[in-house]
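Worksheet for the structure shown next.
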Amino acid sequence: MEITPKGLAALTGGSVDGDEDAVISGFAKIEEAKKGDLSFIANPKYAHYIHTTDATAVLVGKDFKTEGSISPTLIRVDDPYATLAQLLRMIEDMKPRPEGVEQPSFVAEGVNLPEHVYIGAFSYIGKGVVLGKNVKIYPQAYIGDGCVIGDDSVIRAGVKIYEGCRIGARCIIHSGAVIGADGFGFAPKDGKFEKIPQTGIVVIEDDVEIGANTTVDRATFGSTTVGEGTKLDNLIMVAHNVSIGKNNVFASQTGIAGSVHIGDGNMVGGQCGFAGHIKVGNFNEIGAQSGIPNNVGDHSRLMGYPAVDARQFAKNQVYIKNLGKLYEELKNIRK
């Protein structure tokens, strides 16, 4: 595909500084771009690359300032990162999508296959499964009895969705994810642990993305729920009866223990841990490797274990760094 800065500006509502008829044929990071590439600057710390990049054109903010001469054409937009995402989605939508049922695969009798559905080779579609329009199920996926998958959802290769679970519209579930495995429920009895049957399901609402090898356990009763628009990174564990609200983002290796209730709009860094049976409110920012043992309200910025206000955490790190020096001073005072 080839396009000009003039054409891109028309698509994105931007303006052009430089050669509006230059030819753009690819995308690249600003420090690696070559002639013909489009790049972007969204973070000011990368601004200096504008003088050294070989990119043909660069997406920048409307208030982006330059000093001296530069070679790339600038396409000024409101939000360079969001504009790049828009362009990449447009290109992705132009790619051909597979359709039909590949063999060998198993589709249970009575399962309706709507228009543009794709079932990849070695996939299993159980009894009573309901598939929406344009659903794509890639090879070696398992869709258990009674599952529901909404329109335009994509189930990547090797995903396992246990019986009865519900996936909304426009969801993406990446390879190796397991949706609906039994929750970790065991009751101590006579020195042993007896399994507690997990009779609930998992409900994934619309526009959710679930990363590779992430697991979402089914509920003991009712449902484990991941709310509309939430994004889970790779290698995340969501335990039974967890409820996650709308438009949250969770980075990799986060673990959420059973019966945690999380609100809307939270941003959670990697390797965070949530203790069971707590409530987390809305629009919190939780730094990487934080441990959340207690309830959290709204609009907090937390870090550390146990998590504290991010500013207090930064102060504590300074104190810890100086402990050795303070200890030596105390020894000298004692002498």
Side-chain angles (χ1 to χ4, degrees), residues 92-93 95-184 195 197-242 244:
E92 189 70 15
D93 290 342
K95 293 181 179 179
R97 294 289 188 268
E99 295 184 15
V101 179
E102 295 179 349
Q103 296 300 333
S105 60
F106 176 82
V107 179
E109 186 176 350
V111 173
N112 181 49
L113 300 179
E115 58 184 345
H116 307 307
V117 159
Y118 167 64
I119 310 293
F122 299 100
S123 292
Y124 180 99
I125 313 298
K127 296 177 183 178
V129 168
V130 177
L131 302 177
K133 296 177 182 178
N134 202 38
V135 166
K136 308 299 182 188
I137 299 174
Y138 282 80
Q140 297 183 330
Y142 170 84
I143 313 298
D145 294 352
C147 288
V148 177
I149 302 177
D151 294 350
D152 300 303
S153 285
V154 177
I155 312 300
R156 286 291 180 178
V159 170
K160 315 302 179 190
I161 304 177
Y162 285 33
E163 62 277 3
C165 295
R166 301 174 186 172
I167 312 298
R170 299 173 302 281
C171 293
I172 302 173
I173 303 180
H174 288 281
S175 294
V178 178
I179 309 299
D182 284 357
F184 193 65
K195 184 177 179 63
Q198 306 293 293
T199 62
I201 62 172
V202 173
V203 175
I204 308 295
E205 296 183 353
D206 296 346
D207 299 301
V208 169
E209 184 159 350
I210 295 178
N213 294 323
T214 284
T215 59
V216 183
D217 285 353
R218 70 195 311 109
T220 308
F221 309 111
S223 64
T224 302
T225 304
V226 180
E228 179 182 345
T230 286
K231 316 299 182 186
L232 303 181
D233 197 0
N234 304 330
L235 296 166
I236 286 176
M237 165 64 192
V238 180
H240 59 181
N241 290 96
V242 166
I244 299 175

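Worth knowing before you read on, the calculation uses all heavy atoms, side chains too, and leaves out hydrogens, waters and symmetry mates.
- Closest approach of C165 to G180, counting heavy atoms only: SG-CA, 3.8 Å.
- Here OG1 of T215 is found 9.0 Å from CG of N213. Values are rounded to the nearest 0.5 Å.
- Note that the CD1 atom of I244 and the OG1 atom of T224 stand 9.0 Å from one another [nearest 0.5 Å].
- Here the CZ atom belonging to R170 is positioned 5.0 Å from the CG atom belonging to D206, to the nearest 0.5 angstrom.
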Hey, mind stepping through I119 and L131 against side chain to side chain contact (heavy atoms under 4.5 Å, CB included) and telling me if it holds? CA-CA 11 Å; I119 310 293; L131 302 177; 4.0 Å; yes

Determine, stepwise, if the pair E99 / E115 fulfils side chain to side chain contact (heavy atoms under 4.5 Å, CB included). CA-CA 9 Å; E99 295 184 15; E115 58 184 345; over 6 Å; no

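- Rounded to the nearest 0.5 Å, atoms SG (C171) and CD (E209) are 9.5 Å apart.
- Under the side chain to side chain contact (heavy atoms under 4.5 Å, CB included) criterion, I201 pairs with R166, V203, R218, S223, sequence neighbours left out.
- With S105 contributing its side chain and S123 its backbone, the two residues share no donor-acceptor pair below 3.5 Å.
- Shortest non-hydrogen contact noted between A121 and Q103 is CB-O, 4.3 Å.
- Under the 3.5 Å distance criterion, the side-chain polar atoms of D145 are matched with a main-chain donor or acceptor of K127.
- In this structure a side-chain-to-backbone donor-acceptor pair under 3.5 Å is present from N234 to A212.
- Of the possible donor and acceptor atoms, one in the side chain of E205 sits under 3.5 Å from a partner among the backbone N and O of E228.
- Contact between C147 and G164 at its shortest, heavy atoms only, is SG-N, 3.7 Å.
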Chi angles and distances behind the side chain to side chain contact (heavy atoms under 4.5 Å, CB included) call for V135, I167: CA-CA 11 Å; V135 166; I167 312 298; over 6 Å; no

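- In this structure T220 satisfies the side chain to side chain contact (heavy atoms under 4.5 Å, CB included) test together with I196, Q198, H240, N241, sequence neighbours excluded.
- In this model, a donor atom of one side chain and an acceptor atom of the other lie less than 3.5 Å apart for N134 and D152.
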Run the side chain to side chain contact (heavy atoms under 4.5 Å, CB included) check on Y162 and V178 step by step: do they pass? CA-CA 8 Å; Y162 285 33; V178 178; 3.8 Å; yes

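- Using a 4.5 Å cut-off on side-chain heavy atoms (C-beta onward), D217 and M237 make contact.
- Across every non-hydrogen atom of S153 and A169, the tightest pair is OG-C, 3.6 Å.
- Looking at V154 and Y138, their side chains come closer than 4.5 Å, going by heavy atoms from C-beta outward.
- Side chain of K136 to main chain of R156: no donor-acceptor pair is present (N/O by atom type, distance under 3.5 Å, no hydrogens or angles).
- Summarising the geometry, atom CD1 belonging to I173 is positioned 10.0 Å from atom CD1 belonging to I137; distances are rounded to the nearest 0.5 Å.
- For the side chain to side chain contact (heavy atoms under 4.5 Å, CB included) test, residues two or more places apart in sequence or in another chain that qualify with F106 are A108, Y124.
- Of the inter-residue distances, the one linking I155 atom CD1 with I161 atom CD1 reads 4.0 Å to the nearest 0.5 angstrom.
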